[in-house]
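Lettering follows sequence order; numbering is per chain, from 1. Worth knowing before you read on, the calculation uses all heavy atoms, side chains too, and leaves out hydrogens, waters and symmetry mates.
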Protein chains: 2
Amino acid sequence: MAELPLTAPLFHVLVSLADEDRHGYAIIKDVEDRTSGDVRLSTGTLYGIIKRLLADGWIAEARSRRPTDDDERRRYYRLTPAGRDAALTETARLERAAAQARAALRPRRAQTT
Amino acid sequence: MAELPLTAPLFHVLVSLADEDRHGYAIIKDVEDRTSGDVRLSTGTLYGIIKRLLADGWIAEARSRRPTDDDERRRYYRLTPAGRDAALTETARLERAAAQARAALRPRRAQTT
DNA sequence: CACGATGTATCGTAATACGACGCATCGAGG
DNA sequence: CCTCGATGCGTCGTATTACGATACATCGTG
């Protein structure tokens, strides 16, 4: 992987973990919240992405610091420095792309067809 | 299709055509320029995207107004109102995602591991 | 003469997303 | 009591998309 641009689902997983450590199900809910329902990850999508992110060292499992009354099943993930870098680079790319698009999409005067 | 989020390659094709009518090869060059080489469309990618965009009515072929000395092979495309809407919606989504990411990626103070 | 740029297009493969399913527990409502 | 939705993990098969390779043709430059 390690390739930019990142796909939207993968990017949102990264951003979700930038905040704080989260477990799978929490990521799904968080991404849905943050994007106002625009991005809904299915479990198939999420766990595939997690597998790839782990393999690339962009996230790591965080076993420590679980509240005592936590659900046993939960597996928490944490963004690594490499993952944070990737997310930052992609964010910059997104900002450039959006600015580009704004400029290009500005209402035109009389397109002489 | 008609689904948001848009993939990066498809989005850039839309933006490229927002400016002015372009033919395939010109789109490839334009996207590469605008993104400073971040996004390089292969011909396979481009013509597949064009096919889908035409089918969805987001772009249309523009046969009129070709300079007299133009290359005969060129096929020009134009963004339709529907395509422009889609690009605008996606741009807004990108802006929101980028702002979200910036906030979440802000350097944290002592993450007590 | 060969190679890169310009130009369109298709084909097969790889990467990715995604819905369906499976399994398990808990709490609420009928 | 029973069912259903939420919470939680995961896999499997399929569809969608991206993408490199290939094909073909012309033009200009080294």
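For the pair Tyr77(B)/Glu61(B), a side-chain contact is recorded, criterion being any heavy-atom separation below 4.5 Å from C-beta on. Proximity of Ile50(B) to Arg75(B): side-chain heavy atoms (C-beta onward) are nowhere separated by under 4.5 Å. Leu41(A) places none of its side-chain heavy atoms less than 4.5 Å from the side chain of His12(A). A 4.5 Å side-chain heavy-atom check between Leu105(B) and Leu14(A) finds every atom pair outside the cut-off. With a 4.5 Å cut-off on side-chain heavy atoms, Arg52(A) and Val13(A) do not count as touching.
When heavy atoms are screened at a 4.0 angstrom cut-off, Thr7(A) is found touching the sugar-phosphate backbone but no base atom. Looking at heavy-atom distances under 4.0 Å, Leu41(A) makes no contact with the nucleic acid at all.
Regarding Glu32(B), its CD atom lies at a distance of 11 Å from the P atom of dA5(C), rounded to whole Å. The CD1 atom of Ile28(B) sits 13 Å away from the P atom of dA5(C) (whole-angstrom rounding). The distance between atom CD1 of Ile27(A) and atom P of dG10(D), rounded to the nearest whole Å, is 11 Å. The separation between Ile49(B) atom CD1 and dT16(D) atom P is 16 Å, rounded to whole Å. Atom pair Arg74(B):CZ and dA5(C):C1' shows a separation of 12 Å (rounding to whole Å applied). One atom, CD1 of Ile50(A), and another, C1' of dC18(C), lie 15 Å apart when rounded to the nearest Å. In this structure, Leu46(A) places its CG atom 17 Å from P of dC12(D), rounding to the nearest Å. Across the protein-nucleic acid pair, Leu53(B) atom CG and dT16(D) atom C1' stand 14 Å apart, rounded to whole Å.
Here Tyr47(A) reaches the OP1 or OP2 of dC9(D): one of its side-chain N or O atoms lies under 4.0 Å away. Contact between the side-chain N/O atoms of Lys29(A) and the OP1/OP2 oxygens of dG8(D) is not found at any separation under 4.0 Å. Side-chain N/O atoms of Thr45(B) include one lying less than 4.0 angstrom from OP1 or OP2 on dC19(D).
Residue pairs satisfying the ring pair (Phe, Tyr, Trp, His ring centres under 6.0 Å) criterion with at least one member in residues 14-39 of chain A, sequence neighbours excluded, are listed as follows: His23(A)-Tyr76(A). Applying the salt bridge (charged side-chain N to carboxylate O under 4.0 Å, His left out) definition to pairs two or more places apart or across chains, those involving residues 35-46 of chain A are Glu32(A)-Arg40(A), Asp38(A)-Arg96(B).
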**OP:** Using a 4.0 Å heavy-atom cut-off, write out nucleotides 20-28 of chain C from 5' to 3' as B (base contacted by protein), S (sugar-phosphate only) or - (no contact).
**Re:** B---B----
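Among the nucleotides dA6(D), dA9(C), dC18(C), the one closest to the side chain of Tyr25(A) is dA6(D). Proximity note for Lys51(A) (side chain, C-beta onward) versus dT8(C), dA17(C), dT11(D): the nearest is dT11(D). Taking only side-chain atoms of Arg52(B), from C-beta outward, the nucleotide of dA18(D), dT7(D), dT8(C) with the closest atom is dA18(D).
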